[in-house]
Structures are given as C-alpha cells and as structure tokens.
Amino acid sequence: MRHSLYSELRTVYEATAENPRTFRLTIKLKDMVDEEVLQHAVRQTMRRYPYYRVRLGLDETGVFFEDNTTPTPVLHTDGPIMLGGYETQSHLLAFCWWKNKVHIDVWHALTDGGGIYHMVQTFLYYYCSEYYERELSSDGIWLEEDEVAQAEWDDPAREPFDIDPTFLVDKWEGDAFQIADGGVSHVNDHCIVHNIRIPEDEFIRFNLSNEGSPGTIVSLFLSRAIASLHPDTADPIVIAMCVNQRPALRAPLAHQSLVGDVRLVFHDRMKQMDFETQTTCYRGMVALQSDSEMVKQEVREYQELMNTLAQMPTHEERHAYCVELSRKKSRMFTATVSYVGKVDMGDAEFYVQEFHALPSTALPSCETPLTLELSAVNGSFYVNFMQFFEGDAYLRAFIRQLRENNINYDVLYQEQTKYPGFVCPWR
C-alpha cells in the first residue's frame with residue numbers, strides 16, 4: 001500500500017547527508033542480549049506497526065511511503081548504520097544490538113519520540129516476557145493481535161483549524177546568540193555526547209518546589225550556563241524547547257512526527273533576576289506558547305509551507321528551499337532541549353538499566369551545535385549533553401548549575417554519538 005506524505009514532508013526535504021534527520025533510542029538492559037529472542041520480539045512487535053514497515057518513494061507527482069515487505073532489520077553492531085539503503089533493505093527503522101544494548105534507529109520523517117514510545121513498550125513487553133520466561137502485565141501495551149486504529153494513521157496536520165487570535169502571542173523570531181559565531185570552542189562536524197545521570201525523585205522534588213518541569217528547569221540551567229560564559233553577548237540566549245503537538249491537536253494516537261517548539265528567551269533583564277523569578281518567566285513562556293491555539297497556529301504555518309512547496313516543479317527545488325529555510329530558522333536559537341516525557345515501560349522497566357534518545361540533531365548541527373536530550377527510566381533522569389565542538393567549557397558551566405542548586409549527579413561517560421545516517425535521495 002502507498003500513502004502520500006504531509007507532516008513528514010518538511011523533514012524529507014530538509015534531510016542531507018550531513019544532517020540526515022535521524023535519531024537513535026538506546027535501551028541498556030540488565031543482561032546480555034539474546035539474538036534469537038530479539039529477532040522473535042522484533043517480528044512480533046513490527047506486526048503491530050504497519051506504518052513503520054515502509055520505504056521512501058519518489059516520482060513525478062510527489063513523495064510517498066510504500067509497504068516494505070522485507071523483515072525489519074536486526075543488525076549486530078554498536079556503530080552507526082545507514083537507513084533507507086542496502087544495509088537496511090530500504091527500511092526507515094531498524095534494530096541493532098551489542099552486548100547488553102538494543103538500539104532502535106529511526107528516520108525522523110517516519111515519527112518522533114512521542115510517536116515511537118508505544119512501539120518501545122510493545123518491544124520490551126515481548127522481549128522481556130520471553131527472555132525472562134515471565135508473564136508480564138500487558139495493560140496499556142499495544143500487542144500484535146490488537147487492531148490498528150484509524151486514528152493512528154490519520155494526520156492531524158492536514159486538518160483545517162479555526163484559531164482564536166486572542167490567545168496568540170508573538171514567538172521570538174530575531175537573531176539569537178550563536179555558539180558557532182562567538183562560542184569558546186571551535187564548531188566541528190562530529191558530535192560528542194556527555195551523559196549525566198540525576199536521581200529522579202530528587203530532581204522531581206526540585207522541579208515541584210520551583211513550580212517547573214524537567215524541560216523548563218534544564219532549559220533554564222542551560223541558559224544560565226551559557227550566560228555565565230558569555231555575559232556581554234548582544235543577542236539574547238534562546239533555547240528551543242521541543243513540544244509534543246499531539247495533546248493540543250487532540251490526536252494522541254497519531255504516529256507522524258509532530259514536534260513543535262517553545263522559544264525561551266534569556267534576555268539581559270532576566271539575567272538580573274533571582275532563580276525563582278527566572279523560573280516563573282520560563283514557566284509563563286511555556287504556558288503561553290504551548291497553548292492549543294498557538295500549536296494550531298504553528299500547524300497552519302506548516303500548511304502554508306506545504307502550499308508553497310506544492311508550487312515548486314521539482315524535488316530538488318523543494319529540497320533547496322527547505323534546507324535554506326531551516327538554516328535561517330536555526331539563527332533564532334542558541335541551543336535545543338528535548339524531553340517528551342517518561343516512557344511507561346510497565347513491568348519490563350525492572351530489566352532496563354538506562355534509556356537514551358540521541359537525535360542526529362534537533363536543529364541543524366552546523367548552526368545550533370548544542371542539544372540536550374532528556375530521558376527517564378528506573379529511578380534516574382539522563383541528560384545527554386550533545387555538542388558539535390571540542391572542550392568541556394559548556395558542560396562544566398551546566399554542571400556548576402546543578403551544584404549551585406544542590407542537585408546530585410554523575411557524569412557517566414563521554415563518547416562520539418552513533419546516530420544513524422540516511423541514504424539521502426538528494427545526493
């Protein structure tokens with residue numbers, strides 16, 4: 001079956017060899033992976049998710065996904081793979097394993113973190129049930145025999161919206177301080193990730209005492225850290241905090257990539273405020289910009305982009321237009337923070353040590369070279385501090401924020417990221 005794309009198109013046309021628009025979920029288990037059990041669990045899981053068993057197609061009329069009847073790849077490697085090509089038989093999603101780690105590699109045009117989490121739950125249920133020979137609870141988990149609801153297929157971004165303009169506020173669209181221009185480290189083309197672990201209960205208490213959320217508080221820590229290294233920057237520090245659009249669009253089951261952003265501006269006046277007041281400011285920005293009317297306005301702007309692309313005669317022109325538009329948009333941000341919420345892994349969580357999400361970049365790496373990706377599992381928060389530059393000045397400044405606020409932490413390790421590539425059709 002073939003289906004045309006809509007929400008996916010911007011990501012499709014933005015993808016380049018340097019910025020493939022992919023992400024890798026890593027599940028670190030308590031025990032070594034059993035390949036036979038893994039293969040079986042993947043087969044059971046993917047029978048439930050037909051919209052992830054596809055390949056990308058292009059013709060004169062447009063871009064589309066079509067069924068990929070070959071098995072979802074399960075590869076024995078810890079390194080980066082190439083989605084959409086020979087290695088994965090054109091699949092846009094693949095499983096990899098190494099020692100006690102399972103990686104789920106995904107092209108972002110297929111879905112996002114909020115969309116893939118149902119599949120993660122299903123996979124862990126099947127894998128842990130068979131591996132540990134236990135009858136785990138399946139409450140809230142989509143199983144292979146369950147019917148695929150039409151709402152999983154429907155794309156809410158295609159729908160027309162009535163918007164109440166009285167709820168709209170202006171979002172930041174000016175230039176932001178750029179690490180690539182004025183940072184303390186030289187930006188390069190490969191990404192290093194520092195992994196920080198924070199006790200979940202302690203961090204939640206800190207959030208509640210400051211009436212914040214994990215994404216808001218981490219964004220403020222990062223803003224303050226960057227400001228401490230660049231106290232006299234003319235342009236404000238702006239954090240793009242990713243927002244799951246499904247709740248506002250009343251489409252909780254939609255599988256498409258539905259991510260917007262809230263723009264948190266740390267301007268000169270805020271630098272003089274105390275921490276509690278700064279938290280209040282950020283909380284207000286989040287509340288205003290994540291309102292359902294604001295999300296619908298963002299989707300309407302996306303619909304206007306789709307109308308613009310439809311007027312262009314070739315894929316190459318649409319690709320060039322979207323890449324340039326993305327480059328211009330990235331000048332509005334200094335860094336990115338992404339946290340779509342904790343994954344409810346059910347009974348299987350007992351067997352999971354760590355859970356990480358590593359995007360190739362939430363925004364273009366060459367212009368916005370710092371992304372913090374948050375995840376939570378088994379009593380711990382993990383902050384993946386992803387940077388496209390050498391040195392640890394920004395990391396140390398961020399850790400200083402944790403210390404000053406009496407938050408315990410461990411820096412677990414540093415490594416080069418291994419997010420997947422993508423066989424880009426625009427080469």
Side-chain angles (χ1 to χ4, degrees), residues 1-15 21-23 49-52 54 56-58 61-66 92-93 106-119 148-165 167-169 171 173 240-263 288-312 315 318-319 321-323 325-326 328-330 332 336 338 340-341 359 362-364:
M1 183 177 70
R2 172 190 293 196
H3 61 274
S4 61
L5 307 186
Y6 194 80
S7 286
E8 305 90 346
L9 278 177
R10 179 167 55 196
T11 303
V12 169
Y13 285 123
E14 284 177 349
R21 294 297 201 259
T22 62
F23 64 94
Y49 299 92
Y51 37 79
Y52 295 150
V54 295
L56 178 68
L58 301 103
T61 62
V63 184
F64 54 89
F65 286 155
E66 59 183 358
L92 309 178
L93 181 152
V106 189
W107 191 34
H108 229 316
L110 193 63
T111 189
D112 55 24
I116 203 70
Y117 281 175
H118 282 295
M119 196 202 77
V148 179
Q150 183 59 43
E152 295 176 52
W153 288 98
D154 293 341
D155 186 347
R158 292 180 181 268
E159 301 300 320
F161 295 107
D162 292 324
I163 299 174
D164 186 341
F167 286 92
L168 300 183
V169 298
K171 293 175 72 170
E173 293 188 345
M241 192 176 82
C242 298
V243 174
N244 180 3
Q245 296 177 327
R246 291 174 182 81
L249 298 178
R250 298 181 180 179
L253 303 183
H255 80 273
Q256 294 84 4
S257 185
L258 295 165
V259 180
D261 68 75
V262 166
R263 301 168 193 179
L288 288 172
Q289 295 180 51
S290 59
D291 180 83
S292 60
E293 298 302 308
M294 287 294 294
V295 172
K296 288 189 285 187
Q297 175 65 14
E298 188 173 354
V299 173
R300 176 176 284 180
E301 292 170 0
Y302 181 82
Q303 293 171 343
E304 293 173 358
L305 171 62
M306 292 303 100
N307 291 335
T308 299
L309 296 181
Q311 306 305 312
M312 298 180 181
H315 295 304
R318 296 169 199 147
H319 169 60
Y321 183 86
C322 285
V323 169
L325 188 66
S326 178
K328 289 180 179 178
K329 184 178 179 181
S330 71
M332 303 175 190
T336 308
S338 176
V340 296
L363 291 168

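For clarity, every value in this text was computed on a predicted model and none was experimentally measured.
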Distance, nearest 0.5 Å, that separates CG of Leu9 from SG of Cys322 | 8.5 Å
Looking only at heavy atoms, what is the nearest atom pair of Thr111 and Gly115, with distance?
-> OG1-CA, 3.4 Å
With Glu8 via salt bridge (Lys or Arg N to Asp or Glu O under 4.0 Å) - residues at least two apart = none
Please list, chain by chain and in numerical order, all residues satisfying side chain to side chain contact (heavy atoms under 4.5 Å, CB included) with Thr308, sequence neighbours excluded.
-> Met312, Tyr321
4.5 Å side-chain heavy-atom contact, Met294 and Leu288 | no
Mind checking the CG-OG spacing from Asn244 to Ser290? Nearest 0.5 Å is all I need.
-> 11.0 Å
Do Phe167 and Gln297 have side-chain heavy atoms sitting under 4.5 Å apart?
-> no
Grab the two heavy atoms, one from Arg21 and one from Ala15, that are nearest each other, plus how far apart they are.
-> CG-CA, 4.2 Å
Is the backbone of Ala240 close enough, under 3.5 Å, to the side chain of Asp261 for a donor and an acceptor to pair up by distance?
-> no
Of the non-hydrogen atoms in Trp107 and Thr11, which two are nearest, and what is the gap between them?
-> CZ2-O, 4.5 Å
With sequence neighbours excluded, what pairs up with Val323 under the side chain to side chain contact (heavy atoms under 4.5 Å, CB included) test?
-> Thr16, His319
May I have all residue pairs that pass salt bridge (Lys or Arg N to Asp or Glu O under 4.0 Å) and include part of residues 297-308, sequence neighbours excluded?
-> Lys171-Glu298
Cys242 and Val262, any side-chain heavy atoms less than 4.5 Å apart | no
Donor-acceptor contacts, no H, no angles, side chain residues 247-260, under 3.5 Å, sequence neighbours left out:
from	atom 1	to	atom 2	distance (Å)
His255	ND1	Glu152	O	2.7
Gln256	NE2	Trp153	O	2.8
Ser257	OG	His108	O	3.4

Is a side-chain donor or acceptor of Glu293 paired with a backbone partner of Pro165 at a separation under 3.5 angstrom?
-> no
Mind listing the closest non-hydrogen atom pair of Val54 and His3 along with its distance?
-> CG1-CE1, 4.4 Å
side-chain hydrogen bond (donor to acceptor under 3.5 Å, both in side chains) filter on Gln311, not counting sequence neighbours, yields none
Residues passing the side-chain hydrogen bond (donor to acceptor under 3.5 Å, both in side chains) test with Ser292, sequence neighbours excluded, are none
Partners passing side chain to side chain contact (heavy atoms under 4.5 Å, CB included) against Phe64 (at least two apart in sequence or in another chain) = Arg2, Asp59, Glu66
Decide yes or no on side-chain hydrogen bond (donor to acceptor under 3.5 Å, both in side chains) for Gln303 and Asn307, but give the supporting numbers first.
-> CA-CA 6 Å; Gln303 293 171 343; Asn307 291 335; over 6 Å; no
Which atom of Glu173 lies closest to which atom of Arg263, heavy atoms considered | CG-NH1, 3.6 Å
Mind checking whether Tyr52 and Tyr49 have parallel, tilted or perpendicular rings, split at 30° and 60°?
-> parallel
Check against side chain to side chain contact (heavy atoms under 4.5 Å, CB included), Ile163 and Leu168 = CA-CA 9 Å; Ile163 299 174; Leu168 300 183; 4.0 Å; yes
For Arg10, enumerate each residue passing the salt bridge (Lys or Arg N to Asp or Glu O under 4.0 Å) test, keeping only those at least two apart in sequence or located in another chain.
-> none
Sequence neighbours excluded, the answer for side-chain hydrogen bond (donor to acceptor under 3.5 Å, both in side chains) partners of Tyr302 is none
Report the C-alpha distance between Arg158 and Ser4 in whole Å, list the side-chain angles of each, state the deciding distance to 0.1 Å, and finish with yes or no for side chain to side chain contact (heavy atoms under 4.5 Å, CB included).
-> CA-CA 12 Å; Arg158 292 180 181 268; Ser4 61; 3.3 Å; yes
Nearest 0.5 Å please: distance from the CG atom of Asp155 over to the CG atom of Leu5.
-> 9.0 Å
What residues form a side chain to side chain contact (heavy atoms under 4.5 Å, CB included) with His315, not counting sequence neighbours?
-> Tyr13, Leu58, Val63, Arg318, Trp426
So, do Arg246 and Asp112 sit near enough that their side-chain heavy atoms are less than 4.5 Å apart?
-> yes
On a heavy-atom basis, the closest approach of Leu92 and Leu110 is O-CD2, 4.0 Å
By side-chain hydrogen bond (donor to acceptor under 3.5 Å, both in side chains), Asp164 pairs with (sequence neighbours left out) Thr166
